[in-house]
Amino acid sequence: DRKGAFPEFEKILGSHSSRAYISDNLITALQKKQMRNSILSSVNKAGSLSRICVIEFSQNISPILAAKKLEMLNDIEYAEPIYHRYLCWIPNDTDIGYQYYLKNIMAFDAWDEIDSDSTVIIGIVDTGVFYEHSDLANNIYVNSGESGLDDEGNDKSSNGIDDDDNGFVDDWRGWDFVSSNTIGYDNDPRPGNPHGTHVSGIAAGVANNNNGIAGTAPMAKILPVKIGADHPWTTSVERGFEGILYAAISGAGVINCSWGGSDKSRAEQEVIDQCVALGSVVVAAAGNNNKKGRFYPASYDGVMSVAAVGEDDVRAPFSNYDTRIDVSAPGRKIYSTIPPYNRYSYDTTYAEDSTIVKIDTITTIVAYDSWDGTSMASPVAAGVVALTKKKFPDYTPLQIIEQVKQGCDNIDSLNKFYVGNLGRGRVNALKALTNTNARACIIKNVRVYDENSDGDYDNNEEIQIEMDFLNVLAPLHNASITVSCIDPVLSNRPQFANNTSILGNMITNQQVSAPDKIIFTVPELLPYNCVLDFEVAIADADGEVNKEYFTLTFAPSYRTMRSNNISITVNSSGNFAFNDYSSNNQGEGFSYKKGENLLFEGAFMAGISSSKVSNVARADEQSKQDKSFKFNNILELMKPGKIAAEEANANFFSISEE
């Protein structure tokens with residue numbers, strides 16, 4: 001039961017309630033879809049998704065801390081906060097009136113390579129779509145199961161019956177998961193924030209109608225899935241992953257997500273896994289934080305992550321960058337459809353907000369604007385994915401992604417400080433469609449062994465790496481790998497004793513283990529918790545195949561003690577269990593006999609005066625750490641110790657005494 005309260009949660013959360021993370025009708029629709037598609041049990045996660053629930057509480061406790069405590073209870077597989085997701089756009093008032101990006105990615109030439117019939121659906125999981133727009137109306141997907149007349153002569157789109165038995169009543173042109181009406185959803189996915197309308201035009205605006213713009217994939221159909229509130233200026237995203245799953249179940253071969261956040265969720269990854277199993281390619285914006293790092297859903301396994309470049313193919317100054325990014329696409333001054341600012345349509349229940357104008361939608365409406373953001377780059381790439389899926393209908397989602405990546409134009413020379421962090425290059429629609437012998441081999445697993453087997457990669461220590469590879473596309477002949485460190489500013493790079501291995505011949509979808517270990521020595525004097533990126537160049541007898549990446553952390557300022565059936569992580573400034581409170585990703589916690597973690601927060605505290613306590617525990621804001629102590633050297637482990645089987649020795653001091 002995913003509703004009501006849980007007595008065992010009372011001590012942690014106080015008064016609380018629960019609800020399903022994925023609604024019952026979506027679970028039922030997923031099960032029916034799986035049965036029709038005969039999806040194997042190894043990827044059948046409907047049962048798993050049905051066990052996930054959302055807990056809501058009013059007690060003043062950080063959701064991060066609450067999740068850590070709940071995770072320690074019996075029968076709880078995992079607990080995590082619901083992370084904030086937001087739109088990835090940077091609006092401006094510039095109206096250039098031209099779509100330079102279509103020429104840059106050779107879209108016009110690509111259209112000549114495929115039939116113009118509409119067989120690919122792009123799910124625009126966003127803030128809603130102004131489907132009356134004259135440059136969108138003819139490309140809006142219409143659900144045939146909820147259209148036409150029923151047996152009694154009533155219009156299926158408004159008869160109040162779930163005619164196609166998918167769990168959603170009258171969803172004839174998409175669904176609104178965040179409606180302002182009393183039940184919280186409806187079958188009218190009009191905006192909301194104009195963001196989703198702009199994204200829709202970029203992906204699949206109508207072409208050759210003597211009006212406005214053309215989408216990147218103008219022969220595709222747009223499935224509107226609204227996951228934003230009705231207010232025109234809100235940037236919050238709600239129920240986004242239900243929206244993604246709905247799009248996949250509804251037959252969207254491509255799903256665009258121009259939104260996200262920096263926190264990772266296991267539940268969200270489960271949803272993505274199921275969508276990929278249904279055959280959908282999920283494309284997502286890499287984020288507009290102008291920093292190196294992961295952004296979700298873009299960085300989830302199975303998702304195509306998209307960074308933004310300008311007309312000159314130089315990284316857009318707002319775009320995130322990381323080795324997890326798959327491709328780049330134009331994301332500056334992108335001209336596309338919008339609903340006119342004075343002509344939005346909203347539910348009447350939202351009329352209490354005096355800033356909202358209820359409009360007459362009878363008149364044909366046309367409006368456009370030019371915006372910046374990875375939100376705009378993502379639908380450009382999603383359009384290329386739709387074209388590729390049209391050309392290669394039998395390809396798996398992974399093969400489609402790799403086909404698009406292999407067709408990219410290399411932009412490394414224009415982005416010398418971001419090599420390996422902007423994906424394979426800027427998307428090129430023509431190359432993606434015409435390269436019928438594309439080669440792509442990817443890393444499946446990386447196993448790392450350090451010299452003293454303690455799992456910490458310290459200065460001067462020898463590291464050995466084993467890797468598995470999957471050949472995704474055309475067969476490879478005499479394939480090989482070469483590994484290098486690509487940090488652009490590191491002066492003392494790892495010294496390799498061996499950085500190559502031969503993979504041999506590989507047929508399509510074959511997975512092999514590299515027979516030779518990659519061996520290198522960690523450089524001296526690396527800064528604490530130094531994160532380095534490694535490039536794996538894959539080649540065969542015909543030349544370069546592609547490049548893959550993995551990341552390792554060196555000189556960690558924490559260690560894990562493992563003696564007498566007890567394991568505990570301690571760091572150099574007085575923390576126990578984890579180094580990075582409150583994310584708690586660095587470390588193994590505290591456990592007995594390799595059991596579950598028993599401690600989510602431990603910290604040394606010292607009263608240094610009558611009015612001050614120095615510590616590295618939680619700060620006034622629970623989700624942040626008080627950092628009163630500073631250390632000069634990494635703590636040392638002694639095994640055996642002087643009085644115990646294993647001891648740790650650390651020297652740190654209060655910053656106020658410095």
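The structure presented is a predicted model; accordingly, all values stated were derived computationally and were not measured.
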Go through it in stages, so that I can follow the logic: the residues are N579 and T569, the test is side-chain contact (heavy atoms from CB on, under 4.5 Å), and I'd like the CA-CA distance, side-chain angles, deciding distance and then a yes or no. CA-CA 8 Å; N579 181 59; T569 296; 5.6 Å; no
What about F604 and F652, are their ring centers closer than 6.0 Å? yes
Pairwise distance OG1(T323) to NZ(K547) - rounded to 0.5 angstrom: 14.0 Å
Check step by step if ring pair (Phe, Tyr, Trp, His ring centres under 6.0 Å) holds for W259 and Y83. CA-CA 12 Å; W259 47 270; Y83 298 113; over 10 Å; no
Taking I566's backbone N and O only, do any of them form a donor-acceptor pair with N564's side chain (distance below 3.5 Å, no angle check)? no
Going by an N to O cut-off under 4.0 Å, is there a salt bridge joining E601 and K68? no
Would Q464 and E466 count as having a side-chain donor-acceptor pair, cut-off 3.5 Å? no
F496 vs F534 aromatic rings, parallel, tilted or perpendicular, using cut-offs 30° and 60°? perpendicular
Rounded to the nearest 0.5 Å, what separates atom CD1 in I442 from atom CG in D468? 11.5 Å
Short side-chain donor-acceptor distance under 3.5 Å, S375 and H195: yes
Can you give each donor-acceptor pair under 3.5 Å made by side-chain atoms of residues 518-531, sequence neighbours left out, with the distance rounded to 0.1 Å?
residue : atom : partner : partner atom : Å
Y528    : OH   : N632    : O            : 2.8
N529    : OD1  : S557    : N            : 3.0
N529    : ND2  : S557    : OG           : 3.0

Would you list the pairs meeting salt bridge (Lys or Arg N to Asp or Glu O under 4.0 Å) in which at least one residue belongs to residues 558-576, sequence neighbours left out? D456-R559, D458-R559, R562-E588
Going through the distances and angles, do L26 and F177 end up as a side-chain contact (heavy atoms from CB on, under 4.5 Å)? CA-CA 12 Å; L26 264 178; F177 280 89; 4.2 Å; yes
side-chain contact (heavy atoms from CB on, under 4.5 Å) assessment of S614 paired with F653: CA-CA 9 Å; S614 289; F653 55 89; over 6 Å; no
Less than 4.5 Å apart, any side-chain heavy atom of Y78 and any of I52? yes
Evaluate the criterion salt bridge (Lys or Arg N to Asp or Glu O under 4.0 Å) for residue pair E270 and R51; output intermediate values, then yes/no. CA-CA 12 Å; E270 285 196 39; R51 298 197 302 271; over 6 Å; no
Tell me whether N597 contacts the main-chain N or O of S591 through its side chain, where contact means a donor paired with an acceptor under 3.5 Å. no
In plain terms, say whether R324 and D301 are close enough for a salt bridge, that is, a side-chain N and a carboxylate O under 4.0 Å apart. yes
Cation-pi geometry met for R315 and Y418 (6.0 Å, 45°): yes
Take N571 and Q586 through the test side chain to side chain donor-acceptor pair (under 3.5 Å) and record every step on the way to the result. CA-CA 10 Å; N571 76 358; Q586 298 176 358; over 6 Å; no
Can we say K642 and E647 salt-bridge, meaning some charged N sits less than 4.0 Å from an Asp/Glu carboxylate O? no
Could you go through the side-chain contact (heavy atoms from CB on, under 4.5 Å) check for Y296 and Q269 one step at a time? CA-CA 9 Å; Y296 300 93; Q269 180 68 70; over 6 Å; no
Report yes if the side chains of F295 and N289 come closer than 4.5 Å at any heavy-atom pair, otherwise no. yes
Going by an N to O cut-off under 4.0 Å, is there a salt bridge joining K292 and D533? yes
Test item: T127 side-chain N/O and N193 main-chain N/O as donor-acceptor pair under 3.5 Å: yes
